[in-house]
Each structure stands twice: as structure tokens, then as C-alpha cells.
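Accompanying notes for the structure given below.
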Amino acid sequence: RDRNNGSHVFAVGLPMLAAGNALKEADAAGFQQLTLTMASAVGAAELLKRTIPAQRPDGSDDKSFPSGHTAVAFAAVRFMDKRYGGTIAPYTPWLYAAAGLTGLARVEADKHYWRDVAAGALLGWGAANWWAEPIQGGQMTVLPSSRGLAVFWRRAW
């Protein structure tokens, strides 16, 4: 049994969902921003994997840091959140949960440590935050706080 299946599904499915949303909206600028987001997230993750040797928990290689699957998942979700915040607002928490499950699945499959998935999530989130431009609606932001994480929702009126 392949314990990676869940992380593969989200790492492929979330970017496909983001691309599908851009196509549905006939949003050529958004599709370009998504392409830049994904290329940046994957490129940065691969560069770090080749620069910082870190043994995977299962011992299969030394490319554990950071998690590329998690970077891709969070890049896709942050892109959708920032670009289409208003239209996807009811789904935003579920999308972030799916991205988080991607990281959890990588840890459970013994492919990454928590530091790897946290770094991947930050890479993906940061890439989307850099490239994506909002076109409508609200936006969810998650920030560290003294007691864990603070979640903020912002919407222009």
C-alpha cells in the first residue's frame, strides 16, 4: 500500500483546481500569476533540496527539506485565496485544511519531518503571496501568535 497517495492527490489536485478556477473565470492574468506562483514554489523547493542535504525519515534519500508537495499545495490554495477570495470564501478554510493534510500525509508517509512541511508551506504561501493579485472579495490571513496561530478575515466593502 502506498502511503503517499493522499499527498499526491492534493499536490496535483489543488493546483488543478486553481487552474480550473482561472480558466472558468477566463482570467488570463490570474493563470499567468498561478504559473509564476507554481514555478517559484517548485523552483525554490528544488533549489533548497539540492542545497541543504537532509535525510528523509524513511532513509530513501537526502532531499527531505523542504516538502515540495506541501509547497505546491499551499501555493495553489494561497493563490486562490488571494486572487478569488470573495467567490471562494465558503471553501477557503477547507482548501487550507486540504493543504495542511498534504503536509500531514507527507509526515505520516515518513517522507518528511514537520520542519520540512512547515518550510514547504511557507515557501508555497510566500510564492503565491508575492505573485497573486486580488481581484475581488475577502482574504484569510494566518499569522503566528504567542499562543499558536491567529486567523484573520478581511473583506473590502
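Nothing fancy with the numbering, it's 1 onward along the sequence.
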**Q.** Residue from Asp110, Asp61, Asp62 passing salt bridge (Lys or Arg N to Asp or Glu O under 4.0 Å) with Arg56
**A.** Asp61
Q) Which pair of non-hydrogen atoms, one from Thr102 and one from Ala73, has the smallest distance, and what is that distance? A) OG1-CB, 3.6 Å
Q) From Trp94 CH2 over to Ile88 CD1, what is the distance, rounded to the nearest 0.5 angstrom? A) 14.5 Å
Q: Using the test ring-ring contact (aromatic ring centres under 6.0 Å, His included), find all partners of Phe74 that sit at least two apart in sequence or belong to another chain.
A: none
Q) Would one find more than 12 heavy atoms of other residues, nucleotides or ligands at under 6.0 Å from atom OH of Tyr91? A) no
(Q) Determine whether a donor-acceptor pair (N or O, by modelled atom type, separation under 3.5 Å) exists between the side chain of Arg83 and the backbone of Glu133. (A) yes
**Q.** Smallest separation among heavy atoms of Ala45 and Pro66, with atom names
**A.** O-CD, 3.6 Å
Q) Side chains of Pro57 and Lys111: does their closest heavy-atom pair fall under 4.5 Å? A) no
Q. How long is the gap from OG1 on Thr37 to CZ on Arg78, to the nearest 0.5 Å?
A. 10.0 Å
(Q) Side-chain heavy atoms under 4.5 Å apart, restricted to Ile/Leu/Val/Met/Phe/Trp/Tyr: what other residues fall into the cluster of Val12, or is it alone? (A) Met16
Q: With sequence neighbours excluded, tell me which residues meet side-chain hydrogen bond (donor to acceptor under 3.5 Å, both in side chains) with Thr70.
A: Ser67
**Q.** From CG (Leu17) to CE (Met80), nearest 0.5 Å
**A.** 4.5 Å
Q. About how many Å separate CG of Leu14 and CE of Met38, when rounded to the nearest 0.5 Å?
A. 8.5 Å
(Q) Using every non-hydrogen atom in the two residues, find where Ala76 and Ala18 come nearest and quote the distance to one decimal. (A) O-CB, 4.1 Å
(Q) Could you measure the distance from the CG atom of Leu34 to the CZ atom of Phe31? Nearest 0.5 Å is fine. (A) 6.5 Å
Q) Taking side chain as C-beta onward, heavy atoms only, is Leu104 less than 4.5 Å from Phe10? A) no
Q.
Taking transitive links into account, so neighbours of neighbours count too, which hydrophobic residues share a cluster with Leu123 at under 4.5 Å side-chain distance?
A. Leu48, Ile52, Phe65
Q) For Gly103 and Val117, which heavy atoms make the closest approach, and how far apart are they? A) O-CG1, 3.5 Å
(Q) My understanding is that only one of Ile135, Val77, Asn129 makes a side-chain contact (heavy atoms from CB on, under 4.5 Å) with Lys82; could you say which? (A) Asn129
Q: Using a 4.5 Å cut-off on heavy atoms from C-beta on, say whether the side chain of Tyr113 contacts that of Val107.
A: no
Q. Quick check: does any side chain N or O of Lys63 sit under 3.5 Å from a backbone N or O of Ala54, one acting as donor and the other as acceptor?
A. no
Q: Would you mind listing the cluster partners of Leu36? Hydrophobic ones only (ILVMFWY), side-chain contacts under 4.5 Å, chaining allowed.
A: Trp130, Trp131
Q.
Within a 6.0 Å radius of atom CD on Gln32, are there more than 12 heavy atoms belonging to other residues, nucleotides or ligands?
A. no
Q) Has the side chain of His112 got a donor or acceptor atom that lies under 3.5 Å from a matching backbone atom of Ser64? A) yes
Q.
So, taking the atom named CZ in Phe79 and the one named OG1 in Thr35, what distance separates them when rounded to the nearest 0.5 Å?
A. 8.5 Å
Q | Summary of salt bridge (charged side-chain N to carboxylate O under 4.0 Å, His left out) pairs that have at least one residue in residues 28-48, sequence neighbours excluded | A | Glu46-Arg50
